[in-house]
Protein chains: 2
Amino acid sequence: MPINSFTDYPMSWKPDRDALKRPLYRSLALLLEHDITNGFLAPGTKLPPQRELADFLDINFTTITRAYKLCELKGLIYAVTGSGTFVSANAARSITISKDKISNEIIDLGFVASFEQSNNIVAEAAKKVTEKGYLEQLLNYNDPTGIPHQKAAALNWMADFGIHADKDNMAIASGALNALAITLLALFEPGNRIAVDMYTFSNFIEISKLYRIKLVPIPGDEHGMLPGELDNQCLQMDVHGVFLMPSCSNPTTVMIPDYRKRELAAVIRKHRLILIEDDIHAFLSAGIMADYGQPMFQLLPEQTVYICSTSKSICSGLRVAYIVFSEAFKEKIVKAIFNINVKTSSLDAEIISELILSGKASAIAAKKKQLAESANRLFTEFFPQLPRTGHPLSFYRWLPISDDADGTHMENYFLNKGIRVYHSDRFLSGASTRDKYLRIALSSTNSLEELQRGLAILSSHFPKLIGSRKNPAPL
Amino acid sequence: MPINSFTDYPMSWKPDRDALKRPLYRSLALLLEHDITNGFLAPGTKLPPQRELADFLDINFTTITRAYKLCELKGLIYAVTGSGTFVSANAARSITISKDKISNEIIDLGFVASFEQSNNIVAEAAKKVTEKGYLEQLLNYNDPTGIPHQKAAALNWMADFGIHADKDNMAIASGALNALAITLLALFEPGNRIAVDMYTFSNFIEISKLYRIKLVPIPGDEHGMLPGELDNQCLQMDVHGVFLMPSCSNPTTVMIPDYRKRELAAVIRKHRLILIEDDIHAFLSAGIMADYGQPMFQLLPEQTVYICSTSKSICSGLRVAYIVFSEAFKEKIVKAIFNINVKTSSLDAEIISELILSGKASAIAAKKKQLAESANRLFTEFFPQLPRTGHPLSFYRWLPISDDADGTHMENYFLNKGIRVYHSDRFLSGASTRDKYLRIALSSTNSLEELQRGLAILSSHFPKLIGSRKNPAPL
DNA sequence: TGATTTGTCTTTACACATTTA
DNA sequence: TTAAATGTGTAAAGACAAATC
């Protein structure tokens with residue numbers, strides 16, 4: 001006899017009994033996948049509990065578990081013990097963000113570029129590098145993790161952020177995301193769990209999906225992830241790592257102050273987590289923000305993979321990021337670099353090195369900070385009513401909205417108005433929250449003037465969007 | 001009652017009953033992993049059958065299955081239905097091959113470089129590119145899969161090999177291995193099976209391990225993989241893809257002739273496999289070898305991911321490879337590119353494009369072919385007794401040996417003699433075979449003279465190595 | 001607070017396919 | 001050729017843990 005009478009309370013999903021073939025669990029997963037991707041089951045829908053569906057189909061409930069698990073691994077659904085199983089917010093679409101072509105008419109406030117106005121300085125450096133006599137020696141397979149003098153330049157660059165490491169404990173990768181892919185492949189296994197902010201870097205969500213790593217969303221406040229919440233989750237389940245962007249979180253613009261870094265470090269140490277510290281925004285905080293303190297790598301050198309990309313601070317088109325790691329991780333990371341990249345282009349790394357050693361990199365970073373400051377000032381002029389939280393030099397803003405419209409619809413609405421923005425659903429690492437945001441990139445237009453036009457369009461539609469929201473919810 | 005009396009025939013592995021903790025399967029897997037990595041269980045050792053070990057430990061045999069499965073996913077062991085479970089040949093060590101530092105005294109016949117003597121031409125092209133006015137425009141996030149004119153150059157280059165495709169069905173990646181990583185992450189899932197030659201590209205073995213993809217070794221002959229054997233394996237188990245290097249297989253130097261390509265294509269079509277065609281050596285075969293025919297991509301355009309790296313043909317230090325794919329794979333591959341690379345360095349791709357469009361790339365490739373011919377001639381002079389099989393322009397040779405010494409020992413033996421070579425164990429995709437080989441790189445020395453010195457050392461130790469082997473076994 | 005709901009993990013049972021002798 | 005040996009795949013049972021009311 002069924003425990004729950006499914007005739008009284010109709011189930012949200014009633015798969016066709018006759019469509020089930022053997023193996024049952026695969027067949028059931030396929031039916032579910034089909035119904036989700038074809039829109040019969042909307043994001044957020046609560047699926048029938050495992051036992052209820054099992055009774056309905058007259059099979060064992062652990063077979064349902066297996067079918068649900070298949071779909072969960074694909075990111076289509078997520079399950080919460082005690083609450084139920086739900087269709088993911090981003091089930092039916094990819095949230096990968098890239099600078100793919102949009103019409104020239106559209107102002108891009110979506111993808112976060114890096115104020116490309118200073119690329120002429122980089123172009124000059126490139127020219128200088130190719131005139132050097134030793135260029136030929138960069139064009140072979142040698143030094144797969146980076147040429148010693150390039151590593152010296154890298155350490156030089158990172159020293160300003162508070163990183164002190166040895167050449168043997170670092171490597172050069174092809175950009176931050178490449179470094180993240182290397183780290184995941186090197187140190188984690190499919191099925192492992194990594195703790196992240198409720199809203200986090202969308203491409204990290206995607207690459208975790210690709211590698212079948214489960215993300216565990218941890219609540220945070222205006223100073224970042226809450227140590228107590230992280231501790232709780234680690235006590236409750238086997239968590240292997242944690243991903244943080246302490247200098248300026250993407251997309252929330254939160255900077256983790258020193259006191260919070262220390263609290264988090266204590267929890268991370270306690271649970272022996274691997275910390276993946278993406279410090280792409282170090283140049284916006286180190287030596288600028290009062291309570292920056294130091295990278296968490298310095299607090300947890302044995303457990304941290306520190307990643308410092310030059311895409312935002314120096315140049316986005318030259319694919320260079322530095323990975324710093326302890327002896328414990330060295331062999332695995334270097335091996336993963338060989339296996340994913342063979343080596344990183346020495347030419348790109350050489351140009352970045354030239355920029356660093358000549359001091360031009362600092363000048364470029366200073367210029368970008370200046371542009372970021374102007375852009376943020378402009379944003380505040382358009383949205384004076386917003387509370388002044390978040391990083392003052394961030395390349396993007398995190399705009400609370402009250403409209404309950406579906407994320408895709410809202411993005412399309414603004415596309416029709418002539419601007420591209422990204423909805424907070426794209427950055428959700430787990431279940432939906434009732435609070436919605438838009439991420440507004442400030443660094444992707446060709447000029448401040450274009451940004452101004454974009455923000456004007458945005459703000460003209462904004463009053464309707466903030467609606468009744470008085471107190472922006474915690475991040 | 002035990003079916004097999006384990007008291008009469010002692011089991012090769014007797015885990016300590018008392019060391020078992022709950023969960024049993026994990027605990028058991030850890031014990032096994034420990035005993036393998038610490039050398040208590042030598043490569044090739046047959047483990048106790050699942051039922052026998054289960055009787056011994058007094059638990060259900062499927063719990064042993066689970067424990068064995070964990071170790072199999074890590075590449076520590078492999079199982080053959082009907083025969084048993086065995087410790088992998090490469091269980092205890094990494095077989096990743098890279099151009100890491102070896103002493104300057106040692107002549108490198110191990111890692112396959114690409115006759116770097118022509119890099120001065122590349123350096124000139126680099127200089128020319130940096131003098132172009134539009135360099136600045138290459139230094140941003142735009143066109144993540146490649147700039148249109150670079151793609152045109154790519155298609156131009158590949159047309160000589162028989163590839164005809166559209167710009168929208170190709171992308172630029174950071175080298176062949178990066179393209180392979182992208183393909184695996186995009187189109188396969190952990191646990192999937194890919195058919196490969198018995199001996200195959202070692203870094204492909206490693207990246208498959210990282211991504212928990214199982215390799216299914218398929219026997220071959222002097223014309224490559226045997227279609228009948230591939231068909232058999234696909235009938236027996238669920239195989240998702242097949243990896244081939246038709247123009248010149250690494251490490252066996254086999255070129256698959258046109259008739260065999262067609263036979264294989266028929267089997268691949270029949271089982272709807274995804275073909276990963278690594279055609280890094282196309283420039284050595286297309287238009288040169290009589291029975292080259294065409295890339296398999298042209299035979300199976302819907303099911304093939306065609307990868308064409310320029311590392312061997314043009315320049316190894318500029319990380320550029322082209323991926324060609326059908327509409328069916330497009331979305332997934334492009335998404336994986338965004339997630340692993342964000343984008344590939346436009347600068348590297350631009351220099352390669354410049355070389356292609358100016359005709360210098362062809363000149364470089366011609367020079368490398370000439371050097372390869374000389375190197376192969378030199379090799380034949382040193383080893384006249386060897387049958388003339390394999391590709392005549394290969395950048396490496398595959399040398400049958402009869403010595404039964406362990407692979408690592410043999411490599412170290414030659415290191416002590418002053419040369420680095422790689423033993424066939426590194427290239428084993430599955431079980432050990434009784435036939436052993438050395439892979440001898442011809443393209444990594446700084447000069448033919450240095451190669452000559454290296455081959456002299458090798459050949460002086462060779463008579464002892466070939467020993468009694470009369471008929472080299474099939475590849 | 002304590003019972004109930006709900007999902008997770010481990011182990012067992014069993015039918016089946018392949019290999020080997 | 002058949003029987004035994006051996007690994008694989010699916011399903012079910014049950015103990016457990018978290019969330020909810």
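So you know, we letter chains A, B, ... as the sequences are listed, proteins then strands, and number each from 1. Every value quoted in this text rests on a predicted model; they were computed, and no experiment measured them.
Residue B/S83 places its side chain closer to C/dT19 than to any other of C/dT19, C/dT8, C/dT10. Out of C/dC14, C/dC9, C/dT8, the shortest distance to the side chain of A/T62 is found at C/dC9. The B/P23 side chain lies nearest to C/dT11 when the options are C/dT11, D/dT8, D/dA19. Of all nucleotides listed (C/dG7, D/dT8, D/dA11), D/dT8 comes nearest to the side chain of B/E72. Residue A/P49 places its side chain closer to C/dG7 than to any other of D/dG7, C/dT11, C/dG7. Minimum atom distance to the side chain of B/T81 is reached by D/dT6, of the listed C/dT8, D/dT6, D/dA11. When distances are taken from the side chain of B/R26 to each of C/dT8, C/dT10, D/dT10, the shortest belongs to C/dT10. The side chain of A/N60 sits closest to D/dA13 out of D/dA13, D/dT8, C/dG7. Side chain of B/R66, nearest nucleotide from C/dC9, C/dT11, D/dA11: C/dT11. Among D/dA11, D/dT6, C/dT8, the nucleotide with an atom closest to any side-chain atom of A/T63 is D/dA11.
Using a 4.0 Å heavy-atom distance criterion, A/Y68 is classed as making no nucleic acid contact. Counting any heavy atom pair closer than 4.0 Å across all strands shown, B/T85 reaches sugar-phosphate atoms only and no base atom.
Considering CG of B/L428 and CG of B/L215, their distance stands at 11.5 Å, rounded to 0.5 Å. Between B/N192 atom CG and B/I194 atom CD1 the span is 7.5 Å, to the nearest 0.5 Å. Residue B/F40 holds its CZ atom at 6.0 Å from NE2 of B/H34, rounded to the nearest 0.5 Å.
What separates OH of B/Y78 from P of C/dT18 is a distance of 20 Å, to the nearest Å. When the C1' atom of C/dC14 is taken as reference, atom CG of A/L24 falls 15 Å away, rounded to whole Å. As rounded to whole Å, 13 Å separates atom C1' of C/dA17 from atom CD of B/Q233. Computed from coordinates, the B/F61 CZ to C/dA15 C1' distance equals 10 Å when rounded to whole Å. As rounded to whole Å, 18 Å separates atom P of C/dT11 from atom CZ of B/R51. A straight line from CD of A/E52 to C1' of C/dT6 spans 11 Å, rounded to a whole angstrom. The OH-P distance, from B/Y25 to C/dT12, rounds to 13 Å in whole Å. Between B/I77 atom CD1 and D/dG7 atom P the separation is 10 Å, expressed in whole Å.
Taking only side-chain nitrogens and oxygens, A/Q50 comes nearer than 4.0 Å to OP1 or OP2 of C/dT8.
Every side chain to side chain donor-acceptor pair (under 3.5 Å) that B/E33 has, sequence neighbours left out, goes to B/K74. Applying the side-chain contact (heavy atoms from CB on, under 4.5 Å) test to A/E229 and every residue at least two apart in sequence or in another chain returns A/I218, A/P219, A/L226, A/N232.
Taking the charged nitrogens against the carboxylate oxygens, A/D35 and A/K14 have no contact shorter than 4.0 Å, which rules out a salt bridge.
Nearer the 5' end of DNA chain D, as judged by each residue's closest nucleotide, is the contact made by B/T65, out of B/T65 and A/D58.
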